[in-house]
> 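Structure incoming, see below.
Here is the naming used below: chain letters follow the sequence lines, and residue numbers restart at 1 for every chain. Quick caveat: nothing in here was measured; it's all calculated off a predicted structure.
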Number of protein chains: 2
Amino acid sequence: MTSRQTVTIVDVARAAGVSKSTAGRALAGAAEVSARTRDKVARVAAELGYRPNQLARSMITGNTQTVGVVVPDLSNRFFAEVLQSTARTVRKHGYEVLVSSTEGEPELERRAVETLAAKRVDGLIVAPLDGTDDDHLRRLAEDGTALVLLDRRAPGVDRASFVSANNIEASRLAIDHLIRLGHRHIGIISEARYDPALLDVTEPSAAGLRPSAMRLAGYLQAMTAAGVPTRPDHVMHSAYSSAISYDATRTLLRTNPEITAIYCTDNVLSAGAFAAVQDSGLRCPQDLSLIGFDDHEWATLVRPRLTAVEQPTEAIGVAAAEDLLDAIATPARPPVTRLLAAHLVVRDSTAVPRRQDVD
Amino acid sequence: MTSRQTVTIVDVARAAGVSKSTAGRALAGAAEVSARTRDKVARVAAELGYRPNQLARSMITGNTQTVGVVVPDLSNRFFAEVLQSTARTVRKHGYEVLVSSTEGEPELERRAVETLAAKRVDGLIVAPLDGTDDDHLRRLAEDGTALVLLDRRAPGVDRASFVSANNIEASRLAIDHLIRLGHRHIGIISEARYDPALLDVTEPSAAGLRPSAMRLAGYLQAMTAAGVPTRPDHVMHSAYSSAISYDATRTLLRTNPEITAIYCTDNVLSAGAFAAVQDSGLRCPQDLSLIGFDDHEWATLVRPRLTAVEQPTEAIGVAAAEDLLDAIATPARPPVTRLLAAHLVVRDSTAVPRRQDVD
DNA sequence: ATGAAAGCGCTAACAT
DNA sequence: ATGTTAGCGCTTTCAT
């Protein structure tokens with residue numbers, strides 16, 4: 001057979017000599033069907049290669065057993081691993097995953113959400129971009145679709161749960177470590193830009209700030225709390241690219257030679273920063289300490305081994321999935337916020353600064 | 001509104017004062033609708049927050065604008081990147097991706113394929129596991145569902161296209177490089193086991209061999225072609241795990257001290273092998289050359305920089321997607337095979353062996 | 001325990 | 001240019 005013509009339940013019913021409804025009941029394993037007919041129907045269905053049409057079923061039941069996952073970048077290890085653990089978790093509960101990568105474009109995110117909604121996913125996990133507009137998400141949540149925000153809260157959207165690492169605390173771990181070692185001039189490579197207002201962002205889940213802004217806030221706050229003055233020129237902006245991070249790091253080191261430590265606040269930026277330090281002529285950690293972000297498989301392969309702040313990636317994926325399933329099962333349930341703790345893995349790229357710099 | 005109660009086309013039609021079909025035509029942008037009613041319907045639809053039900057549409061049109069992607073491991077960088085480029089490619093043509101990770105379990109693969117088929121995906125890209133049974137895939141293809149096999153051919157399944165790197169050629173690149181440098185005792189870390197029959201597998205797309213077996217075949221053939229004897233004890237088996245690869249590499253080096261070069265044939269095995277070489281006490285590349293597989297972001301971060309065989313990951317994802325879309329558009333079209341060339345990136349982990357070993 | 005009929009939301013003939 | 005009708009394949013009343 002080359003035909004895409006599929007076997008329907010009517011074909012099964014006819015071949016088994018029963019009505020369509022009986023066939024349906026038998027296939028569903030309903031109790032009110034005689035064992036005889038149930039076997040007969042099952043056998044005939046197998047012979048014919050019957051495969052139930054989930055679309056038709058969904059039309060009636062109103063659920064598709066499918067959840068959507070919308071992330072900015074699937075080739076980013078963080079999102080890839082979150083997707084992996086999310087997919088595993090929901091599958092155990094009978095759900096599949098429709099995935100969409102928005103590649104940093106807000107318009108793609110909007111369309112992805114619309115498309116998945118049109119496909120009637122039962123719920124949606126979205127790591128929203130920093131676009132201006134969150135209408136598509138708000139509408140979705142208000143229509144009653146289960147929604148979990150991942151990694152970044154969307155300002156106008158209540159009624160959605162939020163799962164993320166505690167990014168303010170994550171930065172504090174890194175900065176406290178450096179300050180304890182004696183560092184006073186600590187640079188940061190960030191996707192966010194310096195903004196004194198970040199000093200006041202204390203609630204790590206409140207604002208709709210991007211993770212990078214949260215991490216910058218944590219840096220500023222930890223410095224300030226320790227009595228170390230923050231300097232705008234020590235906050236180096238970099239776009240979401242390893243190559244750009246490389247340049248940013250080189251520039252930071254060149255223009256601010258007093259810096260004895262660098263904290264890099266993102267997965268993809270860490271690789272560029274590490275390479276830049278290697279090429280800078282400075283010895284790490286003797287001349288310069290470096291802290292990366294996220295767990296890289298290369299953290300223990302490079303020399304010096306990389307000290308890094310690691311997010312509980314898998315736990316985040318599981319938490320997002322579980323909360324979504326919960327919201328699907330109990331629509332009335334109020335949204336929850338789950339901030340998971342990051343931890344600092346101290347390896348060899350951080351040490352006491354060579355010369356104690358004093359202001 | 002907290003209700004999941006959705007606005008249907010009937011609601012829109014009624015509010016616009018037209019019939020259901022006119023509303024449908026207007027929404028679809030059909031030409032035979034007057035500009036006036038089209039505007040009216042569009043306005044009313046927007047006001048009501050109407051969102052077309054793609055399920056209902058699919059019931060009629062017979063296509064879901066969705067393709068399935070089934071891979072063994074989403075946290076493997078190779079599959080993550082293939083998924084990324086596949087998703088991007090199909091999205092440009094109006095398709096979304098249902099993804100499933102089989103985590104190395106054949107039973108999960110079978111279920112995933114069944115589930116996606118029940119959801120009536122228009123086509124499927126599958127990187128099949130090495131389970132014994134390919135019935136689920138054969139049935140799918142014979143039912144006329146577009147099917148592209150990724151990375152590994154499934155023996156019993158013709159009527160499916162095949163997209164992969166040329167793994168035999170990939171190994172030849174690595175081994176020729178080493179032999180040209182003067183190596184005669186070259187070990188290999190492989191997920192496959194030594195098998196002399198692999199010497200005869202010349203057609204890189206014919207057999208249903210796993211990529212690892214193909215790469216081992218390429219190793220054996222390149223050695224033999226160069227007149228270098230192959231030795232079963234130089235073929236070191238490792239399971240799919242970086243830690244196990246570490247142990248395998250250590251063992252290989254201990255038991256076969258004559259080895260001057262190691263070729264590692266897999267993504268996740270490469271990290272373990274590199275760490276093992278670091279810890280072995282041997283200097284790389286002076287005492288031991290190492291070739292890894294796939295492009296790692298750490299290849300240029302470690303010292304020595306890693307020489308590696310790189311697959312055209314993105315091109316593979318695009319090719320798989322394009323072929324699938326082609327097969328969907330032209331069901332009668334015969335399956336095609338696309339073997340993309342890998343290339344060797346020579347960095348610093350390979351060099352002339354210290355002592356020329358002679359047999 | 002089984003069958004007949006209704007209908008999920010939409011598109012696609014077939015009218016007019 | 002618009003309305004009417006008939007389904008897509010299934011589940012779910014409602015009968016019997």
> Roughly, in whole Å, what's the span from NZ in B:Lys119 to P in D:dG9?
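The distance from NZ of B:Lys119 to P of D:dG9 comes to 18 Å, rounded to the nearest Å.
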> Roughly what angle, to 10°, lies between the helix axis at the start of the helix from C:dA1-D:dT16 to C:dT16-D:dA1 and the one at its end, five pairs per end?
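Axis angle across the helix from C:dA1-D:dT16 to C:dT16-D:dA1, nearest 10°: 40°.
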> Between P on C:dC10 and CZ on B:Arg25, what's the gap in Å once rounded to a whole number?
15 Å
> Between A:Arg333 and A:Asp323, does at least one N-O distance fall below 4.0 Å, as a salt bridge requires?
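Here A:Arg333 pairs with A:Asp323 in a salt bridge, since their nearest N and O are under 4.0 Å apart.
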> Pull out every residue in residues 35-59 of chain B that has a heavy atom closer than 4.0 Å to any atom of DNA chain D, ordered by number, or say none.
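DNA chain D contact set from residues 35-59 of chain B: B:Thr37, B:Met59.
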> Of all the choices, D:dC8, D:dC10, D:dG3, which nucleotide is nearest to the side chain of B:Ile60 once you look at every atom?
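Looking only at heavy atoms from C-beta outward on B:Ile60, the closest nucleotide is D:dC8.
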> Tell me, which of residues 9-24 of chain A have any heavy atom that sits under 4.0 Å from an atom in DNA chain D?
A:Ile9, A:Lys20, A:Ser21
> Does one side chain, of B:Gln54 or B:Thr64, offer a donor that lies under 3.5 Å from an acceptor on the other?
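Result is no, nothing qualifies.
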> For the base of C:dG9, is there a side-chain donor-acceptor partner from A:Arg120 under 3.5 Å away?
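Between C:dG9 and A:Arg120, which were checked side chain against base, a qualifying N/O pair under 3.5 Å is absent.
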> I need the single residue from A:Val71, A:Ile316, A:Leu83 that forms a side chain to side chain contact (heavy atoms under 4.5 Å, CB included) with A:Phe78. Which is it?
A:Ile316
> Side-chain donor-acceptor pair under 3.5 Å between B:Ser19 and B:Thr22, yes or no?
yes
> Taking atom types as modelled, is there a side-chain donor on A:Arg77 or B:Ser75 under 3.5 Å from an acceptor on the other?
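A:Arg77 vs B:Ser75: no donor-acceptor pair found between side chains.
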> Which is it for A:Glu109 and A:His136 under the side chain to side chain donor-acceptor pair (under 3.5 Å) test, yes or no, and what are the steps along the way?
CA-CA 9 Å; A:Glu109 176 183 310; A:His136 56 295; 2.9 Å; yes
> May I ask you to say whether A:Arg111 pairs ionically with A:Glu114, meaning some side-chain N is under 4.0 Å from a carboxylate O?
no
> Give the C-alpha distance, both sets of side-chain angles, the deciding distance and a yes or no for salt bridge (charged side-chain N to carboxylate O under 4.0 Å, His left out) between A:Glu103 and B:Arg91.
CA-CA 12 Å; A:Glu103 318 197 8; B:Arg91 193 200 49 228; 3.7 Å; yes
> Can you tell whether the side chains of B:Arg110 and B:Asp135 come within less than 4.0 Å, N to carboxylate O?
no
> Which nucleotide, D:dG9, C:dG9, C:dT2, lies nearest any side-chain atom of B:Thr6?
C:dG9
> Can A:Glu322 and A:Lys92 be counted as an ion pair, charged N to O under 4.0 angstrom?
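Looking at A:Lys92 together with A:Glu322, the answer is no, because their closest N to O distance does not fall below 4.0 Å.
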> Please report the closest heavy-atom contact between A:Gln84 and B:Asp73, naming both atoms and the distance.
NE2-OD1, 3.4 Å
